[in-house]
Amino acid sequence: MNLIEKSDQEILEIAEPMWDDLVESSNKRDYLGFIKHFSKEMLMGANEIEIGKQWTKNKVLSSLAIEREFLGCLRRGDYITILYKQTSIEVPGEFLGRLVLGIEEDEVKIFGATIF
């Protein structure tokens with residue numbers, strides 16, 4: 001599968017369920033749900049204790065709104081970055097959501113996910 005050659009709409013069909021899972025799992029502080037689409041590289045840096053600390057320290061990460069606005073896709077090398085305007089149900093303001101997808105063992109996996 002050549003991810004880079006897919007249209008933005010085709011990318012969104014792949015990315016949206018993954019982002020939904022990240023938001024839902026983050027709001028529930030569900031570590032196993034949160035990491036289920038991670039690449040091996042991401043899993044190596046996704047320590048359960050450290051992610052738990054992030055959820056505790058940053059209220060945005062456990063109060064993400066389900067609704068978001070797609071801003072665009074950036075293609076670089078073997079990866080696609082999907083950008084969202086994301087909000088929180090408890091913290092005022094708008095945040096930038098970033099999801100980086102790539103292929104690992106013929107499957108689409110998450111190689112990066114952040115909220116700024």
Side-chain angles (χ1 to χ4, degrees):
M1 168 189 326
N2 192 336
L3 195 59
I4 299 300
E5 294 179 4
K6 292 192 175 296
S7 70
D8 284 3
Q9 186 56 46
E10 290 172 312
I11 294 298
L12 279 177
E13 289 172 11
I14 297 166
E16 292 287 325
M18 290 182 168
W19 190 258
D20 288 342
D21 285 346
L22 286 173
V23 167
E24 181 180 331
S25 297
S26 191
N27 286 345
K28 292 179 180 178
R29 299 179 183 197
D30 172 12
Y31 175 75
L32 292 178
F34 187 72
I35 65 165
K36 76 178 176 181
H37 299 294
F38 280 15
S39 66
K40 290 177 185 173
E41 182 181 325
M42 279 287 288
L43 286 172
M44 289 180 10
N47 177 294
E48 185 173 3
I49 293 169
E50 290 304 315
I51 289 176
K53 287 179 185 178
Q54 289 178 20
W55 284 328
T56 300
K57 291 179 183 177
N58 188 338
K59 188 64 176 165
V60 170
L61 300 179
S62 58
S63 66
L64 295 167
I66 299 300
E67 302 80 25
R68 73 270 180 168
E69 180 182 339
F70 169 68
L71 298 176
C73 290
L74 304 172
R75 291 161 175 81
R76 185 175 331 142
D78 294 329
Y79 303 96
I80 296 184
T81 299
I82 300 94
L83 300 173
Y84 295 104
K85 185 189 297 185
Q86 181 72 52
T87 58
S88 164
I89 58 174
E90 294 186 24
V91 179
E94 299 172 330
F95 302 88
L96 180 63
R98 176 176 87 53
L99 180 65
V100 180
L101 300 180
I103 302 293
E104 180 179 83
E105 299 174 1
D106 296 324
E107 288 185 51
V108 178
K109 295 288 186 176
I110 296 173
F111 284 79
T114 51
I115 297 283
F116 299 98

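The CG atom of Leu61 sits 10.0 Å away from the CD1 atom of Ile51 when rounded to the nearest 0.5 Å. Distance check, rounded to the nearest 0.5 Å: CE of Met18 to NZ of Lys36 gives 9.5 Å. To the nearest 0.5 angstrom, Ser26 atom OG is 12.0 Å from Asp21 atom CG. Rounding to the nearest 0.5 Å places NZ of Lys28 at 4.0 Å from CD of Glu24.
Between Asn58 and Val91 there is no side-chain heavy-atom pair separated by less than 4.5 Å. Looking at heavy atoms from C-beta onward, Ile110 lies out of side-chain contact with Val100 at the 4.5 angstrom threshold. In this structure, Leu12 and Asp8 have side chains that are not in contact, with every pair of non-hydrogen atoms separated by 4.5 Å or more. Side-chain contact between Met42 and Ile35: absent, with no pair of heavy atoms (C-beta onward) separated by less than 4.5 Å. Looking only at side-chain heavy atoms (C-beta outward), Ile82 and Tyr84 come within less than 4.5 Å of each other.
When all heavy atoms of Ile11 and Leu3 are compared, the closest pair comes out as CD1-O, 3.6 Å. Smallest separation of non-hydrogen atoms from Glu41 and Glu104: N-OE2, 4.4 Å. For the residue pair Ala113 and Leu22, the shortest heavy atom distance occurs at CB-CD1, 3.8 Å. The two residues Ile4 and Asp78 have their closest heavy-atom pair at CD1-C, 3.8 Å. Nearest approach of Gln86 to Gly97, heavy atoms of both residues: CB-N, 4.5 Å. Counting all heavy atoms, side chain and backbone alike, Cys73 lies closest to Ile80 at CB-CG2, 4.1 Å.
In this structure, Glu105 pairs ionically with Lys40, as a charged nitrogen and a carboxylate oxygen lie closer than 4.0 Å. Glu16 has a carboxylate O that lies under 4.0 Å from a charged side-chain N of Arg68, or vice versa, which qualifies the two as a salt bridge.
Hydrophobic clustering (side-chain heavy atoms under 4.5 Å, transitive across Ile, Leu, Val, Met, Phe, Trp, Tyr) keeps Phe95 apart from Leu83. Trp19 and Leu96 are assigned to two separate hydrophobic clusters, defined by single-linkage of ILVMFWY side chains at heavy-atom distances under 4.5 Å. Transitive grouping of hydrophobic side chains (ILVMFWY, heavy atoms separated by less than 4.5 Å) keeps Phe111 and Val108 in distinct clusters. Cluster annotation: Leu32 is connected to Phe38 through the hydrophobic network of ILVMFWY side chains, with a link wherever side-chain heavy atoms come within less than 4.5 Å. Linking ILVMFWY side-chain heavy atoms closer than 4.5 Å, directly or via other members, places Leu43 and Ile103 in a single hydrophobic cluster.
If you check the side chains of Glu50 and Asn47, you find no donor sitting under 3.5 Å from an acceptor.
Shown here is Glu10, whose CD atom has more than 12 heavy atoms of other residues, nucleotides or ligands within 6.0 Å.
Ser63 contributes no side-chain N or O that, together with a main-chain N or O of Ser88, makes up a donor-acceptor pair within less than 3.5 Å. No donor-acceptor pair under 3.5 Å is formed between the side chain of Tyr31 and the backbone N or O of Ile49.
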| field | side-chain contact (heavy atoms from CB on, under 4.5 Å) between Thr87 and Glu69, intermediate numbers included | value | CA-CA 9 Å; Thr87 58; Glu69 180 182 339; over 6 Å; no
| query | Can Phe34 and Trp55 be said to form a ring-ring contact (aromatic ring centres under 6.0 Å, His included), step by step? | reply | CA-CA 12 Å; Phe34 187 72; Trp55 284 328; 5.5 Å; yes
